[in-house]
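Each remark here refers to the structure printed beneath this line.
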Amino acid sequence: MKKWYSLIDKVYNKNNLYEAFKAVKSNKGAPGVDGETIEDFEAKLEENIEKIHHELKTDTYCPREVKRVYIDKPDGGKRPLGIPTVRDRVVQQALLNIMQPIFEPDFHPSSYGYRPKRSCQRAVAKAERFMNKYGLEYVVDMDLSKCFDTLDHELILKAVNRKVSDGKVLKLIKSFLKSGMMDYGAFHDTEEGCSQGGVISPLLANIYLDYFDKKMMVNNIRIVRYADDSAPRRRVHEAQRAT
């Protein structure tokens with residue numbers, strides 16, 4: 001397995017930072033705890049990019065806490081989301097631009113959530129192909145409860161470190177994980193979890209869950225995962241033997 005030892009210079013490259021801002025702008029989104037909008041950031045774009053570039057280069061960048069908001073779920077509950085500042089979203093996108101091409105090619109082929117050119121519809125089609133090809137009769141639908149909120153930080157960093165050994169990149173990722181959260185005006189430490197709403201969070205979740213995906217493959221369990229929902233499939237006798 002190839003390991004990458006020097007990536008931070010690619011992250012803080014100004015062209016990468018400008019491209020990162022374009023992606024953040026296209027995704028729109030509300031301001032974080034500092035109240036700065038995308039329009040505010042863009043009004044001083046050159047100055048802001050220069051400052052981010054300098055801080056990342058000198059290892060002095062410090063992310064702000066995320067703003068916790070709640071959205072309604074179909075079942076009547078509330079889903080917590082974390083909104084980073086625009087500045088932090090730009091840095092996370094810059095990280096994503098560099099890290100995604102490194103990890104993407106080796107992800108489990110039946111992982112469909114948060115990946116380029118993949119969708120829920122394609123995940124369903126893959127599940128149907130599995131059933132037809134292998135004559136499968138049972139489907140086990142599984143949801144990882146509070147997946148993003150309970151991811152172990154050390155396991156995330158260990159999983160990233162399998163391919164990325166740049167200490168400054170690992171430190172930067174850790175700083176986002178540990179940046180804290182503002183919930184209705186009250187600050188909370190983030191000792192576990194990965195903010196659902198952060199730009200880099202979906203990639204980190206896929207890196208984290210890839211171990212589970214590969215373990216299923218080793219045990220000859222056909223699995224299709226979309227985000228934190230998965231559906232392992234077995235033949236009848238295999239399912240009976242497992243119960």
Side-chain angles (χ1 to χ4, degrees), residues 20 23-38 63-97 99-100 103-104 107-108 111-116 118-120 123 141-160 169-170 172-213 224-231:
V24 169
K25 181 180 178 181
S26 68
N27 289 329
K28 302 180 181 179
V33 293
D34 60 357
E36 184 178 46
T37 65
I38 292 174
R64 291 289 304 272
E65 61 273 24
V66 299
K67 180 180 179 181
R68 174 57 62 89
V69 298
Y70 297 88
I71 61 173
D72 294 329
K73 295 173 63 176
D75 63 4
K78 298 285 186 179
R79 181 185 302 277
L81 295 179
I83 303 177
T85 64
V86 175
R87 187 170 184 263
D88 289 337
R89 298 205 297 265
V90 170
V91 176
Q92 289 191 26
Q93 182 66 50
L95 262 174
L96 183 67
N97 290 349
M99 289 179 57
Q100 187 160 275
F103 287 92
E104 175 64 28
F107 281 147
H108 190 290
S111 169
Y112 282 84
Y114 312 124
R115 296 183 63 189
R118 292 180 177 239
S119 65
C120 186
D141 183 38
M142 179 174 62
D143 175 71
L144 302 177
S145 178
K146 298 181 179 179
C147 176
F148 279 85
D149 294 336
T150 58
L151 297 180
D152 184 290
H153 290 175
E154 292 307 311
L155 291 180
I156 291 175
L157 295 171
K158 183 179 179 180
V160 172
V169 169
L170 294 171
L172 183 59
I173 293 171
K174 186 175 182 178
S175 72
F176 280 118
L177 295 173
K178 302 290 188 184
S179 63
M181 169 187 62
M182 289 294 291
D183 191 354
Y184 291 112
F187 176 82
H188 299 274
D189 290 323
T190 47
E191 294 303 321
E192 66 175 358
C194 186
S195 175
Q196 189 168 1
V199 177
I200 196 70
S201 297
L203 176 63
L204 294 180
N206 272 337
I207 293 171
Y208 188 98
L209 292 171
D210 190 58
Y211 177 82
F212 167 79
D213 297 341
V224 177
R225 181 170 64 79
Y226 184 80
D228 57 355
D229 296 285
S230 57

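For reference, positions follow the sequence shown, starting with 1.
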### Query
Would you call Asp149 and Pro80 a side-chain contact if the rule is heavy atoms closer than 4.5 Å?
yes
### Task
Could you list all the salt bridge (charged side-chain N to carboxylate O under 4.0 Å, His left out) pairs where at least one residue sits in residues 196-213, not counting sequence neighbours?
Asp210-Lys214, Asp213-Arg225
### Query
Is the side chain of Ser111 donor-acceptor paired with the backbone N or O of Phe107 at a distance under 3.5 Å, no angle test?
no
#### Entry: Worked verdict on His153 versus Lys178 for side chain to side chain donor-acceptor pair (under 3.5 Å)
CA-CA 9 Å; His153 290 175; Lys178 302 290 188 184; 3.0 Å; yes
### Task
Fit a plane to each ring of Tyr114 and Phe148, take the angle between them on a 0 to 90° scale, and name the class: parallel (under 30°), tilted (30 to 60°) or perpendicular (over 60°).
perpendicular
Compile the donor-acceptor pairs under 3.5 Å between side chains in residues 185-205 and protein atoms, sequence neighbours left out, one pair per line.
unit_1: Thr190; atom_1: OG1; unit_2: Leu177; atom_2: O; d: 2.8
unit_1: Thr190; atom_1: OG1; unit_2: Gly180; atom_2: N; d: 3.1
unit_1: Ser201; atom_1: OG; unit_2: Ser195; atom_2: O; d: 2.5

### Task
Please confirm whether the backbone N or O of Ala23 pairs with a side-chain atom of Asn27, one donor and one acceptor, at under 3.5 Å?
yes
### Message
So which atom in Leu209 and which in Cys147 form the shortest heavy-atom distance, rounded to 0.1 Å?
### Response
CD1-SG, 4.1 Å
### Query
Quick one: CD1 on Ile207 to CG on Leu157, what's the gap to the nearest 0.5 Å?
10.5 Å
### Query
Considering residues, nucleotides and ligands other than Tyr211, do more than 12 of their heavy atoms fall under 6.0 Å from its OH?
no
### Residues forming a side chain to side chain donor-acceptor pair (under 3.5 Å) with Ser179, sequence neighbours excluded
none
### Message
Under the rule for side chain to side chain contact (heavy atoms under 4.5 Å, CB included), what residues qualify as partners of Pro116, not counting sequence neighbours?
### Response
Gln100, Glu104
### Task
In sequence, state the C-alpha distance, the side-chain angles, and the governing distance for Val86 and Thr37, and then conclude on side chain to side chain contact (heavy atoms under 4.5 Å, CB included).
CA-CA 7 Å; Val86 175; Thr37 65; 5.8 Å; no
### Query
Does Arg68 use its side chain to pair, donor to acceptor, with the backbone of Met181 at less than 3.5 Å?
no
### Task
Return the set of residues passing salt bridge (Lys or Arg N to Asp or Glu O under 4.0 Å) with Lys78 (not counting sequence neighbours), or none when no residue passes.
Asp72
### Task
For Phe212 and Leu144, run side chain to side chain contact (heavy atoms under 4.5 Å, CB included): C-alpha distance rounded to whole Å, both residues' side-chain angles, the deciding distance at 0.1 Å, then the answer.
CA-CA 12 Å; Phe212 167 79; Leu144 302 177; 5.7 Å; no
### Query
Between Phe176 and Pro63, what is the shortest heavy-atom contact and its length?
CE2-CB, 3.5 Å
### Task
Name all residues meeting the side chain to side chain contact (heavy atoms under 4.5 Å, CB included) criterion together with Asp34; count only those two or more places apart in sequence or in a different chain, and write none if there are none.
Glu36, Arg64, Thr85
### Task
Evaluate the criterion side chain to side chain contact (heavy atoms under 4.5 Å, CB included) for residue pair Asn206 and Phe103; output intermediate values, then yes/no.
CA-CA 9 Å; Asn206 272 337; Phe103 287 92; over 6 Å; no
### Task
For residues Val33 and Val66, determine if any side-chain heavy atom of one lies less than 4.5 Å from a side-chain heavy atom of the other.
no
### Query
Within a strict 4.5 Å, meaning less than it, do heavy atoms of the Val91 and Leu172 side chains meet?
yes
### Task
Could you go through the side chain to side chain donor-acceptor pair (under 3.5 Å) check for Asn97 and Gln93 one step at a time?
CA-CA 6 Å; Asn97 290 349; Gln93 182 66 50; 2.9 Å; yes
### Message
How long is the straight-line distance from CZ of Arg87 back to CD of Gln92, given to the nearest 0.5 Å?
### Response
12.5 Å
### Message
For Lys67 and Asp183: C-alpha separation, side-chain torsions, deciding distance, then whether side chain to side chain contact (heavy atoms under 4.5 Å, CB included) applies.
### Response
CA-CA 7 Å; Lys67 180 180 179 181; Asp183 191 354; over 6 Å; no
